[in-house]
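This report refers to the structure that appears directly beneath it.
All ligand and atom numbering here is 1-based and tracks the order in the structure.
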Amino acid sequence: MTATIPHHVAIIMDGNGRWASSRYLPRLAGHKRGLDALHTCVRHCGDRGVKVLTVFAFSSENWSRPPDEISGLLDLLANALEREITPLHAQGVRLHFVGDRSRLSPKVQAHLADAEALTAGNDRLVFNICFNYGGRWDIAQAAARLAKDGRAITPDSLAGALALAHVPDPDLLIRTGGEHRISNFLLWQAAYTELYFTEKLWPEFGPADLDAALADFARRERRFGKTSEQVRLALAASQRQAA
Ligand code: IPE
Ligand code: IPE
Ligand code: MG
């Protein structure tokens, strides 16, 4: 039996600052190393057959950080975009920027739109970068949109108006850096997501760590409210049908 590879992996990339501080480096050095780890992770997800990768790069609450860290992170986003877009496109990655773009400069907003347009035809891996994103913001903007259009607010209509409506809910959510919390990430979409926490700081999270998370996921039994027996019977039936 082949291991179950999650279709959609989401990651809270945490621990950049602590990685840098423990080396007496400025926090921004940690964010730079974090970008390298992300570069490797995108490639490895594609190689393992993950179809959607969603990463938390900057939260709605991260605006409370020191101004020089915020401007450093904005510069990193702009530079990474310029440097990585061609290799990502060559790998068949389709980029989406998820979050409130209105606080970003018009130049960065234009770059994000260009990157999305360039990669729109790719289908090897959908790569969602959540920047200035918050789960509460997302649910509120979806509800506001439905209300404005005079539409009923139901679980289905709300799900369809969320910023990640173009992909199914994440199967696996990884948080690095040792904290056991969601920090306003995919509040709606993580309802039935398998959670995986690791002490590894994000800049040190490599292919072997991703493989460990995937292996852990493959051992989980997802029940979606059913009993374990129901799940096993349904699995056996689908295996009989496939044989
Ligand atoms: C995550 O790393 C990256 C961002 C939030 C932008 P942190 O910067 O939160 O790193 P720690 O948690 O302080 O170590
Ligand atoms: C979550 O990490 C946000 C990102 C990784 C972008 P934080 O470091 O901001 O989360 P808290 O503040 O520890 O909850
Ligand atoms: Mg943190």
Side-chain angles (χ1 to χ4, degrees), residues 8-42 44-45 50 52-81 83-84 95-105 108 111-112 127-141 162-164 167 170 172-190 193-206 209-210 213:
H8 182 175
V9 174
I11 307 183
I12 301 175
M13 308 181 292
D14 195 24
N16 294 349
R18 279 164 285 163
W19 181 90
S21 305
S22 68
R23 285 162 180 77
Y24 306 101
L25 294 168
R27 291 179 60 87
L28 209 58
H31 296 313
K32 283 192 184 136
R33 274 304 189 99
L35 257 181
D36 296 340
L38 180 57
H39 179 103
T40 308
C41 182
V42 172
H44 199 58
C45 279
V50 171
V52 183
L53 173 65
T54 301
V55 299
F56 206 6
F58 191 88
S59 75
S60 321
E61 289 71 29
N62 288 148
W63 293 108
S64 328
R65 293 199 174 190
D68 60 335
E69 182 168 348
I70 294 172
S71 60
L73 282 165
L74 290 170
D75 287 347
L76 271 185
L77 171 73
N79 295 340
L81 209 62
R83 198 179 58 236
E84 300 283 350
L95 269 169
H96 284 275
F97 292 91
V98 177
D100 181 0
R101 302 180 190 202
S102 63
R103 263 183 98 164
L104 303 177
S105 74
V108 170
H111 277 152
L112 300 186
F127 181 25
N128 300 307
I129 301 179
C130 297
F131 201 96
N132 194 15
Y133 171 89
R136 288 178 177 175
W137 163 82
D138 197 8
I139 293 168
Q141 69 79 26
L162 292 171
L164 274 174
V167 289
L172 171 65
L173 169 60
I174 299 170
R175 182 173 187 143
T176 62
E179 312 295 355
H180 293 191
R181 55 177 173 255
I182 298 290
S183 299
N184 198 16
F185 197 27
L186 308 168
L187 297 184
W188 178 280
Q189 297 88 342
T193 301
E194 296 296 325
L195 308 178
Y196 180 87
F197 299 101
T198 167
E199 294 293 320
K200 269 276 165 93
L201 302 173
W202 176 250
E204 295 176 327
F205 188 87
D209 301 302
L210 181 63

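Atom 9 (O) of ligand 2 has its closest protein heavy atom at N62 ND2, 2.9 Å. Counting protein heavy atoms only, atom 14 (O) of ligand 2 is closest to S183 OG, 2.6 Å. When hydrogens are left out, the protein atom nearest atom 8 (O) of ligand 1 is R65 NH1, 2.7 Å; that is the closest non-hydrogen contact. Scanning the protein for heavy atoms near atom 6 (C) of ligand 1, the closest one is A57 O, 3.4 Å. Looking only at protein heavy atoms, the nearest one to atom 10 (O) of ligand 1 is G17 N, 2.9 Å. Among protein heavy atoms, atom 13 (O) of ligand 2 sits closest to R181 NH2, 2.8 Å.
Between the side chain of D209 and the backbone N or O of G206, at least one donor-acceptor pair lies under 3.5 Å. The backbone N or O of R103 sits nowhere less than 3.5 Å from a side-chain atom of N132 that would complete a donor-acceptor pair.
None of I174, L38, D14 except one satisfies the side chain to side chain contact (heavy atoms under 4.5 Å, CB included) rule with W202; the exception is L38.
Classification of the F197-H180 ring pair by plane angle, with boundaries at 30° and 60°, yields parallel. Classified by interplanar angle (parallel below 30°, tilted 30° to 60°, perpendicular above 60°), the ring pair W137/Y133 is perpendicular.
The distance between the ring centers of F58 and F131 falls below 6.0 angstrom.
At a heavy-atom cutoff of 4.0 Å, ligand 2 is contacted by no atom of R18, backbone or side chain. No part of S21 comes within 4.0 Å of ligand 1, judged by heavy-atom distances. If you look at F58 next to ligand 2, the close heavy atoms, those under 4.0 Å, all belong to the backbone.
Every heavy atom of S59 sits 4.0 Å or more from the atoms of ligand 1. The shortest separation from a heavy atom of M13 to ligand 2 is under 4.0 Å, placing the residue in contact. Using a non-hydrogen distance threshold of 4.0 Å, G15 registers as a contact of ligand 1.
When each atom of ligand 2 is checked for a heavy atom of R175 under 4.0 Å away, the hits are 2 (O), 10 (O), 11 (P), 13 (O), 14 (O). Annotation for ligand 2: atoms under 4.0 Å from non-hydrogen atoms of I12 are 1 (C), 5 (C).
Protein N, O or S atom count below 2.8 Å of the Mg ion (ligand 3): the structure gives 1.
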